[in-house]
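The block underneath contains the structure these notes are about, expressed in structure tokens.
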Amino acid sequence: MSFDTLGLSAEILRAVSDQGYSEPTPVQREAIPVILDGKDILAGAQTGTGKTAGFTLPLLQRLSDSTPAKGRRPVRALVLTPTRELAAQVAESIETYGKHLPLSSTVIFGGVKINPQIQRLRAGVDILVATPGRLLDHVSQRTLDLSAVEILVLDEADRMLDMGFIRDIRKIIALMPRQRQNLLFSATYSNDMRKLADSLLKSPVSIEVARRNTPTELVSQVVHPVDRERKRELLSFMVGSQNWRQVLVFTRTKHGANRLSQQLEKDGISSAAIHGNKSQGARTRALADFKQGEVRVLVATDIAARGLDIDQLPHVVNYELPNVPEDYVHRIGRTGRAGNEGEAVSLVCVDEHKLLGDIERLLKRDLSKIIIPGYEPDPSIRAQPIQKGRSAAGNSRPRNGAGHPRGKRPGAGGSASRKARSGASASRGKPASRGNSKGAAGVNGNRAPGGKPRQRSAPSGNV
Ligand code: AMP
């Protein structure tokens, strides 16, 4: 099936083909005609399914079908997202797919100056992407009027609820006309989500799609047993000897992410850490540098990495296994996207055998274990207790509320199939040349739970 049959205009189709997409993904196939029909939808689709284009393309189409009278343009479509990074990514998609249309859009989120946002809003925008906290700041400063919104999108609504945004969302909904189209995207359905959906949506069409690339299909997974103290050395060796250019590495804690990033730099591998304590500028810069290939290794905590869309990421490394097994599935979902095969490598020391067992139980299979010559684990080393980053019981949930209670997480509970690498191919190689590191980043919305403004770089727990 091609995009041409979905009812989209030539300008939109041109933007889609500029991106090199030849076929709509399942969520796009299902959602686009329904949204074009003006119906509400309740879509169970995660990041990686193509959901952003799934709502952006028909939204652009509907808005361009009915250009408003001359004068200042009111906001006619509002996309709410839980985090700044997701807001920025959605806004980028709107720009990309709308580049041949005379529609304007902007994005507003916290952690950056409000005045440039006010100016952009004043100039008039058709489509606004926002995180809830900063949006309400604008409303209270009377710099934003939502009374002409025709289409509301709640993206990753489950995460918004997890982050305590429900009151903000309800306040925002009350500012819009009752007559409007509502599109709700959520990877999971808790009772709270159901309540929100019931109160928000009118006769919604339900759309349910699995991840486009589940670990089952496209991610090869391998465990390298190694001693705790030699993980860093092994990682540098693998990056250098196999000439990996773009690697996302997971640690359990912010401190661990910083330390590893600094050590990699010492090994001559350009690296940045991305976690909850960094300014918006630093986060954006680190992500941009990584995407552009200036930073080879991005070291991230689970929460920081959630929702990041980094195209065609070839390598994901679990430098430390997550405490919550579902996070493993989520982590490796960062690779093997959009039809590209990915590789997920886990460096596992004696302390983590129980965590590995938990992951294998969740996956319902054993992962293949390959010892890299020269990095054989020392059998005399005893297991030590693991420093808790985020506990499975959820009792060290970050203060910013960005954590997901167990079992409610996007990407949780998927299964992975056997496509493990059959042999180690490592030989000692020279470390790569030194690159530059440009700061670090983190992912948060701009409000604390309960709607109180949060400080930009407030400490947010351990992760
Ligand atoms: P999303 O689920 O919206 O985060 O999209 C995941 C990734 O899929 C993004 O990198 C998109 O650029 C890409 N993508 C979206 N639609 C298509 C398509 N029809 N064909 C190929 N890739 C796509």
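Given the structure is predicted, the values throughout are model-derived calculations rather than measurements. Read the numbers this way: they start at 1 and go in the same order the structure lists the ligands and their atoms.
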**Message:** Applying side-chain hydrogen bond (donor to acceptor under 3.5 Å, both in side chains) as the test, list every pair that has at least one member in residues 173-186; sequence neighbours left out.
**Reply:**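 Counting only pairs at least two positions apart or across chains, the side-chain hydrogen bond (donor to acceptor under 3.5 Å, both in side chains) contacts touching residues 173-186 are D40-N182, R62-Q181, R180-N182.
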Distance under 4.0 Å to a non-hydrogen atom of [X]: what atoms of ligand 1 satisfy this?
{"X": "F3", "answer": "19 (N)"}
{"X": "T25", "answer": "17 (C), 18 (C), 19 (N)"}
{"X": "T52", "answer": "1 (P), 3 (O), 4 (O)"}

**Request:** Compute the centroid of each ring, for F55 and then for F185, and state whether the two points are separated by less than 6.0 Å.
**Result:**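 F55 vs F185: aromatic centres under 6.0 Å.
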**Message:** Using a plain distance cutoff, I'd like to know if Y21 has any nitrogen or oxygen under 3.5 Å from a nitrogen or oxygen of ligand 1.
**Reply:**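 Such a contact does occur with ligand 1.
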**Item:** Heavy-atom nearest option to atom 1 (P) of ligand 1, drawn from A45, G50, P26, S22
**Value:**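 Selected option, by shortest heavy-atom distance: G50.
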**Item:** N318 (side chain) donor-acceptor with E320 (main chain) under 3.5 angstrom
**Value:**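 A pair under 3.5 Å: no.
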**Prompt:** Is ligand 1 under 4.0 Å from a heavy atom in the side chain of E23, in the backbone, in both, or in neither?
**Reply:**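 Within the 4.0 Å criterion, E23 contacts ligand 1 through backbone atoms alone.
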**Item:** Residues D162, R159: salt bridge by 4.0 Å N-O rule
**Value:**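 No, this pair does not count.
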**Request:** Could you tell me whether the side chains of Y328 and Q221 share a donor-acceptor contact shorter than 3.5 Å?
**Result:**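 The criterion, which ignores hydrogens and geometry beyond distance, is satisfied for Q221 and Y328.
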